[in-house]
Amino acid sequence: MTTLETLQGDITTLDVDAIVNAANTSLMGGGGVDGAIHRAAGPDLVRECMGLGGCKTGQAKMTKGYQLKARHVIHTVGPVWHGGDANEPVLLRSCYENSLKLAAEAGLQSMAFPCISTGVYRFPADEAARIAIATVREFTANPSSLQRVIFCCFSTEDQERYERLLQP
Ligand code: AR6
């Protein structure tokens, strides 16, 4: 059984096996949660990222966590919202699925997601949360190493949204 939880706060402070980064295709850092993760992890993170050759939208790549409490960072690239007809929902779903796959393949027990694509990439928060929850629920319906999946929300508004949507 995997438990799905919500938290309000800064994902860089979490003591989990992996935190997920809402990165861009360069994997070289940026603003928002990406900037916060790189600042907290220290310069070794970008050094490892340099060797990864970037990441396509919807895909995911894993690195070490360096100075973070989290042992690993799973970098995924969410879609930029262009109105909803450019495959955005499918790509966002892939971000969650591929991140979960990487974590399970590595035998990780706990991981935390930020609200991927809902910041500067402008994906509507409600639809993004529905996709996030549905994808995590479907993946964790099958047995895996994952015992805890946390939706780490930066705003109380997002946390309330996830709590509402997680009600049975
Ligand atoms: N902990 C948890 N969530 C956070 C944190 C934090 N420390 N900081 C921000 N958020 P965004 P995107 C939330 O813009 O839309 C970067 O420049 C934020 O409130 O970080 O996927 C990348 O390099 C929002 O709910 O990511 C890309 O170029 C969520 O994280 C681009 O932004 C995502 O917001 C990716 O855009």
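In each ligand, atom 1 is the first atom listed, and ligand 1 is the first ligand listed. Quantities reported herein were computed from a predicted structural model and do not represent experimental measurements.
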Chemist: Would you mind checking which non-hydrogen protein atom is closest to atom 1 (N) of ligand 1, with the distance to 0.1 Å?
Modeler: I11 N, 3.0 Å

Chemist: Measuring from atom CG of N98 to atom CE of M62, what distance do you get when rounded to the nearest 0.5 angstrom?
Modeler: 12.5 Å

Chemist: To the closest 0.5 Å, what do you measure between OG (S145) and CD (E105)?
Modeler: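 If we round to the nearest 0.5 Å, S145:OG and E105:CD are 10.0 Å apart.
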
Chemist: Any N or O of F154 that comes nearer than 3.5 Å to an N or O of ligand 1?
Modeler: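 No, F154 has no N/O under 3.5 Å of an N/O on ligand 1.
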
Chemist: What's the spacing between M111 CE and I74 CD1 if we round to 0.5 Å?
Modeler: 4.0 Å

Chemist: Walk me through it: do K64 and E48 pass the test salt bridge (Lys or Arg N to Asp or Glu O under 4.0 Å)?
Modeler: CA-CA 8 Å; K64 289 188 259 188; E48 183 175 355; 5.4 Å; no

Chemist: Going through the checks in order, is the side-chain contact (heavy atoms from CB on, under 4.5 Å) test met by W81 and E127?
Modeler: CA-CA 11 Å; W81 181 258; E127 191 181 346; 3.7 Å; yes

Chemist: Using the side chain to side chain donor-acceptor pair (under 3.5 Å) rule, take T63 and H75 through it: C-alpha gap first, then chi angles, then the decisive distance, then the call.
Modeler: CA-CA 8 Å; T63 65; H75 307 261; 3.0 Å; yes

Chemist: Between T12 and ligand 1, does any nitrogen or oxygen pair lie at a separation below 3.5 Å?
Modeler: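 In this structure, T12 places no N or O atom under 3.5 Å from an N or O of ligand 1.
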
Chemist: Can you check whether P114 has an N/O within less than 3.5 Å of an N/O in ligand 1?
Modeler: no

Chemist: When rounded to the nearest 0.5 angstrom, what is the spacing between CZ in F123 and CD in E88?
Modeler: 6.5 Å

Chemist: Could you go through the salt bridge (Lys or Arg N to Asp or Glu O under 4.0 Å) check for R71 and D15 one step at a time?
Modeler: CA-CA 8 Å; R71 272 68 75 192; D15 184 359; 2.5 Å; yes

Chemist: Which residue owns the protein heavy atom closest to atom 20 (O) of ligand 1, what's the atom, and how far is it?
Modeler: V33 N, 2.8 Å

Chemist: Distance to 0.1 Å, residue and atom name: give those for the protein heavy atom nearest to atom 33 (C) of ligand 1.
Modeler: C115 O, 3.3 Å

Chemist: Which heavy atom of the protein is the closest neighbour of atom 31 (C) of ligand 1, given with residue, atom name and distance?
Modeler: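 Going by distance alone, atom 31 (C) of ligand 1 is nearest to V120 CG2, 3.4 Å.
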
Chemist: For atom 27 (C) of ligand 1, which protein heavy atom lies nearest, and how many Å away is it?
Modeler: Y121 OH, 3.5 Å

Chemist: Could you tell me which atoms of ligand 1, counted from 1 in the order shown, lie closer than 4.0 angstrom to a heavy atom of G32?
Modeler: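 The list of qualifying atoms is 8 (N), 20 (O).
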
Chemist: Ignoring hydrogens and angles, tell me if any N or O in the side chain of R137 forms a donor-acceptor pair with the backbone of L166 under 3.5 Å.
Modeler: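 Yes; at least one donor-acceptor contact below 3.5 Å.
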
Chemist: Under 3.5 Å, N or O to N or O, is R122 touching ligand 1 that way?
Modeler: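 No - when backbone and side-chain N and O of R122 are compared with those of ligand 1, no distance drops under 3.5 Å.
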
Chemist: First locate atom OH of Y96, then atom CD1 of I116, and finally report the distance between them rounded to the nearest 0.5 Å.
Modeler: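 Answer rounded to 0.5 Å: 4.0 Å.
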
Chemist: Output yes when the distance from some N or O of ligand 1 to some N or O of G119 is under 3.5 Å, and no in every other case.
Modeler: yes

Chemist: Which atoms of ligand 1 sit under 4.0 Å from any heavy atom of A36?
Modeler: 7 (N)

Chemist: Assess whether side chain to side chain donor-acceptor pair (under 3.5 Å) is satisfied between D158 and S155, documenting all intermediate values.
Modeler: CA-CA 5 Å; D158 275 329; S155 67; 3.3 Å; yes

Chemist: I need the nearest protein heavy-atom contact for atom 25 (O) of ligand 1: residue, atom name and distance, please.
Modeler: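 Nearest protein contact, heavy atoms only, for atom 25 (O) of ligand 1 is T118 OG1, 3.2 Å.
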
Chemist: Check ligand 1 against G9 and write out every atom of the ligand that is under 4.0 Å from a heavy-atom position of the residue.
Modeler: 1 (N), 2 (C)

Chemist: Just which atoms of ligand 1 are under 4.0 Å from any heavy atom in D10?
Modeler: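 Contacts of ligand 1 toward D10, numbered from 1: 1 (N), 6 (C), 7 (N).
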
Chemist: Just to confirm my output: which protein heavy-atom neighbour is closest to atom 21 (O) of ligand 1, and how far is it?
Modeler: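 Ranking protein heavy atoms by distance from atom 21 (O) of ligand 1, first comes S117 N, 2.8 Å.
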
Chemist: Would Q159 and T6 satisfy side chain to side chain donor-acceptor pair (under 3.5 Å), going step by step from the backbone distance to the final call?
Modeler: CA-CA 6 Å; Q159 192 197 14; T6 73; 3.1 Å; yes

Chemist: Check ligand 1 against D34 and write out every atom of the ligand that is under 4.0 Å from a heavy-atom position of the residue.
Modeler: 22 (C), 23 (O)

Chemist: Could you list the atoms of ligand 1 found under 4.0 angstrom from a heavy atom of A22?
Modeler: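 Atoms satisfying the 4.0 Å criterion: 21 (O), 22 (C), 26 (O), 35 (C).
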
Chemist: So if I count the atoms of ligand 1 from 1 in the order they appear, which ones are less than 4.0 Å from some heavy atom of G31?
Modeler: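 Under 4.0 Å from G31, ligand 1 has these atoms: 16 (C), 17 (O).
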
Chemist: Quick one: does G78 get within less than 4.0 Å of ligand 1, heavy atoms only?
Modeler: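 Under 4.0 Å: no for G78.
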
